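Below: the structure, in structure tokens.
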Amino acid sequence: MASLSIGAAKVDAVLEQPELIPGKRVDFTIRVNGGGAEQQIDNIYLKICCQYFVELEKRKSGDEGTVTEKVKKTCSLSQWSLPETFIIAPGEERIFNAGFILPHNTPITLGEGKVWLETGLDIQFAIDPTDTDMLVVRPDALMAGLFDGLTNSGLQLRQAECEAATGFELPFVQEFEFVPVSGTFLGRWRELEIVAWRDDQQLKLWFAVDRQQRGLHGMLSGLLGRGELHRHLEMAVDTTPEALAEQVIAFLDETS
């Protein structure tokens, strides 16, 4: 719950779901309570935001070349704003119920996947305050099935991070890094990274395998942007989670 107060007015924003799922509806209630004086509320807005990282080349001092620096960026995934200006009377309560669909590619809150609710007020003759609340985003059924299948095949999730990428509706992709700890892939390769991207018809998956000790971290989004990631699967969204997991494991077994 986000709660803001300025002057006499107080605004509370409450999400109806404690955990969010990409592609599903997010419902919320906003309560505005007037204080001892009449106030004009010009706008109330809610945003669901996430963080992602951009790699920037920076020149070192002197002639010592460049260094790569990871910089945090913020992306607004969904937002709602008050449909009209109104005046709140002393002691009055106004309630607004609304909602929106969380985008399919909202990051799952694992590792560095951070998602939050930002609530802001625009009140006449006042400094506009904002408040943030961290959110929990769980995988949808297909991604949950994929994670279960990988876990059952001896792969352990080590890291998840959103990195800048081009060619997508959002300015980033979420990368999932797995390592084999048992099963058929142990000893065959050191690390697996996956990028998933979903629309209304398909779930698209890209894979990169590291057989040596050099590591793949931070490389996958760049390879994807240059079209150099050749392990690629596309599946209809009506595929069952169990069938998806079986196809992915079979694909990895055949191609790696």
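Everything numeric in this text was worked out from a predicted model, so none of it was measured. We're numbering straight along the sequence, starting at 1.
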Original post:
Same cluster or not: are I249 and W189 linked, directly or through other Ile, Leu, Val, Met, Phe, Trp or Tyr residues, by side-chain heavy atoms under 4.5 angstrom apart?
Top reply: yes

**OP:** Establish, from distance only, whether the side-chain atoms of T29 and N97 form a donor-acceptor pair under 3.5 Å.
**Re:** yes

Original post:
Closest approach of G111 and K114, non-hydrogen atoms and distance?
Top reply: O-NZ, 3.6 Å

Subject >> Heavy atoms from other residues, nucleotides or ligands near CZ of R188 exceed 12 (cutoff 6.0 Å) >> reply: yes

Subject >> Non-hydrogen atoms of P22 and V137 that approach each other most closely >> reply: CD-CG1, 3.7 Å

Subject >> From CG (L244) to CE (M235), nearest 0.5 Å >> reply: 4.0 Å

Original post:
Do V115 and F168 sit in the same hydrophobic cluster, where Ile, Leu, Val, Met, Phe, Trp and Tyr count as joined when their side-chain heavy atoms come under 4.5 Å apart?
Top reply: yes

Original post:
Distance from L203 atom CG to L233 atom CG, nearest 0.5 Å?
Top reply: 9.0 Å

Original post:
Taking all atoms of both residues into account, what is the closest heavy-atom pair of Q247 and T239, and its distance?
Top reply: NE2-CG2, 4.0 Å

**OP:** Please confirm whether F207 and F178 have ring centers closer than 6.0 angstrom.
**Re:** no

Original post:
Out of curiosity, L142 CG to R198 CZ, how far, rounded to the nearest 0.5 Å?
Top reply: 5.5 Å

Original post:
Take atom CD in E169; do more than 12 heavy atoms of anything else shown fall under 6.0 Å from it?
Top reply: no

**OP:** Mind running salt bridge (Lys or Arg N to Asp or Glu O under 4.0 Å) on R190 and D210 for me, showing each step along the way?
**Re:** CA-CA 6 Å; R190 174 181 174 270; D210 178 24; 3.2 Å; yes

Original post:
Taking atom types as modelled, is there a side-chain donor on D200 or H104 under 3.5 Å from an acceptor on the other?
Top reply: yes

Original post:
Are V71 and V173 co-members of a hydrophobic cluster defined by side-chain heavy atoms under 4.5 Å apart?
Top reply: yes

Original post:
Is the shortest heavy-atom distance from the side chain of T106 to the side chain of L20 under 4.5 Å?
Top reply: no

Subject >> Stepwise salt bridge (Lys or Arg N to Asp or Glu O under 4.0 Å) test for E55 and K70 >> reply: CA-CA 5 Å; E55 290 190 349; K70 295 181 74 170; 5.1 Å; no

**OP:** Determine, using the 4.5 Å side-chain heavy-atom cutoff (strictly less than), whether I21 and L102 are members of one ILVMFWY cluster.
**Re:** no

**OP:** Test the R231-F251 pair against the cation-pi criterion, namely NZ or CZ under 6.0 angstrom from the six-membered ring centroid and within 45° of the ring axis.
**Re:** no

**OP:** To the nearest 0.5 Å, tell me how far C162 SG sits from E112 CD.
**Re:** 9.5 Å

Original post:
Any side-chain heavy atom of T151 sitting closer than 4.5 Å to one from L157?
Top reply: no

Subject >> Reported CG-to-CG distance for the pair L15 and D27, which is rounded to 0.5 angstrom >> reply: 9.0 Å

**OP:** Kindly compute the distance separating CG (L155) from CG (N152), expressed to the nearest 0.5 Å.
**Re:** 10.0 Å

Subject >> F100 ring center near F28 ring center (under 6.0 Å) >> reply: yes

Original post:
Closest heavy-atom contact between G23 and I101?
Top reply: O-CG2, 3.6 Å

Subject >> Aromatic plane relationship, W80 with F96 - under 30° parallel, 30 to 60° tilted, over 60° perpendicular >> reply: tilted

Subject >> F53 versus E161, closest heavy-atom pair with distance >> reply: CD1-CG, 3.7 Å

Original post:
Linking I/L/V/M/F/W/Y whenever any side-chain heavy atoms sit under 4.5 Å apart, do F172 and V54 land together?
Top reply: yes

**OP:** Compare every heavy atom of P180 with every heavy atom of E191, then report the nearest pair and how far apart it is.
**Re:** N-CD, 4.4 Å

Original post:
What is the ring orientation for H232 with W206, classed by angle as parallel under 30°, tilted 30 to 60°, or perpendicular over 60°?
Top reply: parallel

